[in-house]
Structures are given as structure tokens and as C-alpha cells.
Number of protein chains: 2
Amino acid sequence: MKNPKVLIVDDEKNIRDLLEAGLKFAGFSVYSVGTGTEAVTVAEKAKPDIMILDVMLPDQSGFSVTKKLRSMNIDLPVLFLSARDDRGDKVTGLTVGGDDYMTKPFSIDEVIARIQAILRRTKKQDVEDSIIEVGEIKINQDAHEVFVNGTEIELSPTEYKLLRFLMANANRVMSKDQILDHVWEYDFNGEQGIVESYVSYLRKKIDPLSKNQLIQTKRGVGYIFRVAKSEE
Amino acid sequence: MKNPKVLIVDDEKNIRDLLEAGLKFAGFSVYSVGTGTEAVTVAEKAKPDIMILDVMLPDQSGFSVTKKLRSMNIDLPVLFLSARDDRGDKVTGLTVGGDDYMTKPFSIDEVIARIQAILRRTKKQDVEDSIIEVGEIKINQDAHEVFVNGTEIELSPTEYKLLRFLMANANRVMSKDQILDHVWEYDFNGEQGIVESYVSYLRKKIDPLSKNQLIQTKRGVGYIFRVAKSEE
DNA sequence: AGGAAACACTCAGGCAACCTTAAGGTTTTC
DNA sequence: GAAAACCTTAAGGTTGCCTGAGTGTTTCCT
């Protein structure tokens with residue numbers, strides 16, 4: 001199947017829209033509802049491949065939605081969303097098979113990565129491979145490992161997400177605003193300076209092991225992960 | 001499809017007219033409205049391929065327009081416009097997915113370049129290629145790179161825009177006023193002298209690597225990017 | 001042809017924006 | 001309670017933008 005179908009269930013419309021825009025662009029077919037009741041209806045009719053489910057819904061808890069679906073023999077993997085500090089919820093949510101769990105606020109690219117990871121695990125879809133390799137760098141997303149010319153380097157979570165984003169958009173300049181929108185959590189309110197800082201951290205770890213300056217600055221424009229400059 | 005359709009949404013008529021003229025000339029079919037309500041109507045009926053949307057509209061915010069459209073399952077990429085210094089408006093999610101973001105005042109040719117970049121990325125249209133090659137010079141728009149006979153040169157943003165404009169109109173004289181109108185921001189209030197300065201900067205970087213004088217002066221008329229002079 | 005006027009080119013300088021790096025404080029994690 | 005990760009801030013250097021002045025070049029008029 002070419003376009004995996006995602007059902008988004010969240011009562012905050014802003015969040016739904018954000019997820020919808022990001023997921024559509026990433027190649028998913030998107031259904032989006034605001035209540036648990038609708039979720040059950042759409043899940044039955046549209047037969048999505050995966051569901052993004054807020055655990056705090058106005059009409060019923062997210063878990064009761066999954067129970068209802070299982071009782072109807074509709075079996076689909078779930079990416080749970082919850083507000084931070086719901087530690088209690090986490091345990092319950094994770095008891096079942098291929099599911100995963102994220103806290104709000106999230107970064108949009110992280111959601112996409114998790115969804116692809118779940119689909120990969122449940123093996124029902126053609127999804128992006130777990131391994132991204134661009135030029136001298138190879139990332140294993142499942143293992144969270146990064147290799148520069150075969151040597152592993154340790155990256156902090158933010159560094160990792162930044163690198164993954166730049167590599168996913170290799171050979172294309174990304175503005176600092178774009179980077180903020182994709183890599184940082186959606187409610188992040190800081191300035192672009194933080195992107196500059198993290199690019200600096202990344203370079204410090206990557207450059208000693210690479211032949212070329214892989215992350216290049218385009219002054220006044222943004223940053224670019226650059227390979228294969230001469231011929232294309 | 002030959003002529004991509006653009007929907008312009010802005011309450012300032014001046015801006016609408018400016019965009020409309022520029023985009024029509026660039027080969028787009030243009031629809032232009034002044035309110036969010038109209039935008040929704042036209043987007044539904046005319047099915048444009050992309051929308052240019054001011055985030056500050058009189059009747060509703062630009063974001064609510066995109067939300068409404070998404071809830072109606074009308075999915076089109078957006079180039080957001082906003083006034084500079086709208087720190088408050090800087091809501092995350094602006095550039096999520098295939099969308100992009102520009103601040104006013106802009107240069108008209110930069111808008112066209114961004115629109116083509118978005119359409120290229122969303123792959124729904126036959127648009128100009130990312131690479132412009134005229135004579136001895138090759139520009140990679142995605143990477144913001146410029147090569148003269150295979151050697152890369154570094155250009156500042158303004159130099160880059162000026163060169164792109166001259167190359168897009170190769171073998172045709174462009175007056176200094178035309179250049180100001182297309183390359184500089186629409187509210188730029190300076191003199192033509194600045195064009196002379198920037199042509200000078202460009203030549204200093206280009207000429208050492210080129211066999212011919214690529215940017216030529218037409219006294220009393222303007223400048224021309226000249227190739228294939230012998231036969232025509 | 002001579003000279004004035006218009007046009008064009010280059011350069012230096014002031015200011016603003018941008019980039020990098022480092023240091024320190026806060027939050028999170030174990 | 002210590003370590004790691006994260007964010008902010010600021011200093012300092014660099015680059016980019018624009019202006020204005022000085023010089024060079026062409027055109028045009030007498």
C-alpha cells in the first residue's frame with residue numbers, strides 16, 4: 001500500500017491541524033476527529049493503519065476507545081499522546097504490543113518518525129527504512145545510532161533530531177524557522193539562536209570524523225546538509 | 001498542468017495587485033481576494049494549486065482559513081505572509097509540511113521563487129527546475145549555490161537575487177528600475193545607484209572565472225546578461 | 001574638436017544583521 | 001544529589017547592505 005492511513009484523535013483542533021499538515025506532507029492519508037465516539041466510527045469505516053490518540057478526551061478516555069475497538073475485533077497500532085507528567089497513564093498505555101507513547105508538547109518530525117517506526121514494526125506497510133544514509137553519515141533510527149564514516153558518535157536527543165531533519169532534507173537549504181518548526185516542540189517560544197547553538201554542537205562532533213564540512217552555513221538563508229556537490 | 005493556479009489572500013490591495021501582476025507574468029493563473037471568507041469560497045470553487053496567505057486578515061486570522069480548508073478536506077500548500085516583527089504571530093507550524101513563510105516587505109521575484117520551490121516540493125506541477133543554467137553560469141536554487149564554469153562562488157543574498165533575475169531574463173536588457181522592482185523589496189526607497197553597486201560586486205566575483213563579460217552595460221538603458229552573442 | 005552633461009564604476013565607511021562560541025542557569029533524569 | 005540535557009544570554013568577530021564621494025567613460029551640442 002502506498003499511502004498508509006492515519007487516524008488522528010485529539011480534542012484540540014490546533015494539534016489536529018498541526019499533525020494533519022505534517023503527516024499529509026509526509027505521505028499519509030489523514031482522518032481527523034475530536035472525540036472518542038467519532039474515533040470508533042471512523043476506525044470502523046475507514047480502516048486506518050494506525051491511530052494517534054490523545055489519552056485525555058472530553059467524552060471518554062483514550063484507553064476506553066482502544067478497548068472498544070478491540071472488543072469489535074478492530075486491531076490497529078496506537079501512538080498515544082498525553083500531557084506531560086501523566087506517568088500513571090504511561091504504564092497502562094504501553095502494556096499492549098506494537099504501541100508507542102509520546103508526551104505533549106512534541107516535535108512534529110518526532111511524531112512522524114515514531115509512526116513510521118510503529119508501522120515498520122507491525123510490518124504491514126511500505127514505510128521509510130530505519131536506516132538513513134546520506135554521504136558520510138549513516139543513521140539507524142531503530143537503534144538511535146549515528147555513524148560518521150563507520151565511527152559511531154554519541155548525540156543528545158536534540159542533536160539527533162536536528163541531524164535527522166537536515167539529512168532528510170539533504171542538499172536543500174533549510175531556514176532557521178523551518179528547523180525550529182520541525183525539530184523543536186511545537187510550543188517552543190525561543191529564538192533562532194538556539195538553532196545556531198545546536199548546529200555548532202553537531203559540527204563539533206561530526207567534523208573531526210568527516211572529510212567535508214557536511215553542515216554548511218548559507219549566510220542570510222539557513223543551513224544545508226550538503227553532499228554530492230559536483231554532479232547530480 | 002501548464003499554468004498553476006495561485007490564490008492570493010491579502011487585505012491590502014496594493015500588495016494583491018503587485019503579486020497578481022508579478023505572478024501572471026510568471027505564468028500563473030491568479031485568483032485574488034481580500035478576506036478569509038472569500039478565500040474559503042474561492043479555494044473550494046477554483047481549486048487552486050497553492051495559496052499566498054496573509055496571516056493578518058481583517059475578518060479572521062490566516063490560520064483559521066487554513067484550518068477551515070483542511071476541515072473541508074481541501075488540501076493545498078500555503079505561502080504565509082506576515083509583517084516583520086510579528087513575534088506574537090510566530091506560531092509554530094508555519095512551515096510544517098510543504099508550507100513556507102515570508103515576511104513583508106518582500107521582493108516579488110523572491111515570492112515567485114518560493115512558490116515554484118513549494119510546487120516543486122509538493123510535486124504536483126510541472127514547474128521550473130531547481131537548476132538554472134545559462135551560458136557559463138549554473139545556479140542550484142535548492143542549495144543556493146552558484147557555479148561559474150564549474151567553480152563555486154559565494155554570493156550574498158542580494159547578489160544572488162540580482163544574478164538570478166538577470167539570468168532569468170538572459171539576452172534581454174533590464175532597466176535599473178525594473179531590477180529594483182523585481183529584486184529589491186517593494187518598499188525600497190533608494191536610488192538606482194545601488195543597482196550599479198551590486199552589479200559591480202557581481203562582476204568582481206564572476207568575471208575572473210568567465211571567458212566573456214557576462215553582465216554587460218547598455219548605457220542609458222540598463223544591464224543585460226548576455227550569452228550566445230554571435231548567432232541568433 | 002572641445003567641452004559640458006549625463007551616465008557608470010569603484011571604493012570606503014557606518015550601521016545592522018548574522019554567526020559562532022562559551023559560560024551559566026534551569027530542568028530533567030537517574 | 002549529581003550528571004546530563006536543555007535553553008538563554010552575551011561578547012566578539014564577520015558579513016551584508018546602503019550611501020555618498022571620487023573618478024572614469026560616453027554622449028551630445030556647439
Side-chain angles (χ1 to χ4, degrees), chain A residues 83-87 90 102-107 110 144 146 153-163 166 173-180 183-208 213 215-224, chain B residues 84-85 87 92 103 105-107 110 144 146 153-163 166 173-177 179-180 183-208 213-224:
Chain A
R84 201 150 270 173
D85 273 319
D86 292 8
R87 295 288 143 198
K90 181 168 183 174
M102 291 189 72
T103 52
K104 295 182 191 177
F106 47 77
S107 95
E110 188 61 20
H144 246 255
V146 180
I153 58 175
E154 295 291 331
L155 299 183
S156 81
T158 307
E159 290 163 1
Y160 175 85
K161 282 181 241 166
L162 173 58
L163 177 61
L166 290 175
V173 184
M174 293 288 121
S175 74
K176 280 175 256 184
D177 276 333
Q178 277 176 306
I179 295 173
L180 277 177
V183 175
W184 267 260
E185 296 167 350
Y186 58 75
D187 70 341
F188 178 69
N189 224 0
E191 298 296 317
Q192 300 181 341
I194 196 170
V195 178
E196 299 161 7
S197 290
Y198 272 85
V199 167
S200 160
Y201 301 154
L202 259 186
R203 291 212 261 235
K204 208 180 293 181
K205 295 185 178 177
I206 291 173
D207 286 356
Q213 164 102 332
I215 303 174
Q216 295 175 5
T217 305
K218 291 287 163 183
R219 272 196 160 250
V221 188
Y223 296 95
I224 182 171
Chain B
R84 201 154 271 172
D85 272 319
R87 296 284 158 197
T92 314
T103 53
F106 46 77
S107 93
E110 189 60 20
H144 252 255
V146 180
I153 58 175
E154 296 289 332
L155 299 183
S156 80
T158 307
E159 291 162 1
Y160 174 86
K161 283 181 240 165
L162 173 58
L163 176 60
L166 291 174
V173 185
M174 293 288 121
S175 75
K176 282 176 238 181
D177 276 334
I179 295 173
L180 277 178
V183 176
W184 267 260
E185 295 170 350
Y186 59 74
D187 69 342
F188 178 69
N189 228 356
E191 300 296 318
Q192 299 183 341
I194 197 170
V195 178
E196 299 167 6
S197 288
Y198 272 85
V199 168
S200 161
Y201 300 153
L202 260 185
R203 292 211 260 235
K204 203 186 297 180
K205 294 183 177 177
I206 291 174
D207 288 354
Q213 164 102 334
L214 296 179
I215 303 175
Q216 296 174 5
T217 306
K218 293 287 168 187
R219 273 207 151 239
V221 189
Y223 296 95
I224 183 171

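Letters A, B, ... are given to chains in the order of the sequence lines, protein chains preceding strands, and every chain is numbered from 1.
Residues satisfying the side-chain hydrogen bond (donor to acceptor under 3.5 Å, both in side chains) criterion with B:Asp177, sequence neighbours excluded, are B:Gln192. Listed by chain and residue number, A:Arg114, A:Arg164 satisfy the salt bridge (charged side-chain N to carboxylate O under 4.0 Å, His left out) test with A:Glu110 (two or more places apart in sequence, or in another chain). Applying the ring pair (Phe, Tyr, Trp, His ring centres under 6.0 Å) rule to A:Tyr223 yields no partners; only residues at least two apart in sequence or on another chain are considered. In terms of the salt bridge (charged side-chain N to carboxylate O under 4.0 Å, His left out) criterion, B:Lys161 has no residue partners (sequence neighbours excluded). With sequence neighbours excluded, the residues satisfying side chain to side chain contact (heavy atoms under 4.5 Å, CB included) with A:Ser197 are A:Tyr201. Residues meeting the salt bridge (charged side-chain N to carboxylate O under 4.0 Å, His left out) test with B:Lys204, sequence neighbours left out: none. Residues satisfying the salt bridge (charged side-chain N to carboxylate O under 4.0 Å, His left out) test with B:Glu191, not counting sequence neighbours, are none.
Look at CD1 on B:Ile179: it is 16 Å from P on D:dC17, rounded to the nearest Å. In this structure, NZ of A:Lys204 is placed 8 Å from C1' of C:dA22, rounded to the nearest angstrom. Rounded to whole Å, the distance from CD1 on B:Ile215 to P on C:dA8 is 15 Å. Note: CD (B:Glu196) to P (D:dG20) measures 14 Å, nearest angstrom. Rounded to whole Å, atom C1' of C:dC7 lies 14 Å from atom CG of B:Asp177.
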Would you list the protein and nucleotides 5-9 of chain D atom pairs, both N or O, that sit under 3.5 Å from each other?
unit_1 : atom_1 : unit_2   : atom_2 : d
D:dC6  : OP1    : A:Thr158 : N      : 3.3
D:dC6  : OP1    : A:Thr158 : OG1    : 2.9
D:dC6  : OP2    : A:Ser156 : OG     : 2.7
D:dC6  : OP2    : A:Thr158 : OG1    : 3.3
D:dC6  : O5'    : A:Thr158 : OG1    : 3.3
D:dC7  : OP2    : A:Trp184 : NE1    : 3.1

Between the protein and nucleotides 22-29 of chain D, which nitrogen or oxygen pairs are less than 3.5 angstrom apart?
unit_1 : atom_1 : unit_2   : atom_2 : d
D:dG24 : N2     : B:Arg219 : NH2    : 3.2
D:dT25 : O2     : B:Arg219 : NH2    : 3.2

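For the OP1/OP2 pair of C:dT10 and a distance below 4.0 Å, the side-chain nitrogens and oxygens of B:Ser200 include at least one atom meeting the criterion. The phosphate of C:dA8 (OP1 or OP2) has a side-chain N or O of B:Lys176 nearer than 4.0 angstrom.
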Determine, step by step, whether A:Phe106 and A:Trp184 satisfy the ring pair (Phe, Tyr, Trp, His ring centres under 6.0 Å) criterion, reporting the C-alpha distance in whole Å, the side-chain angles of both residues, the deciding distance to 0.1 Å, and the verdict.
CA-CA 8 Å; A:Phe106 47 77; A:Trp184 267 260; over 10 Å; no
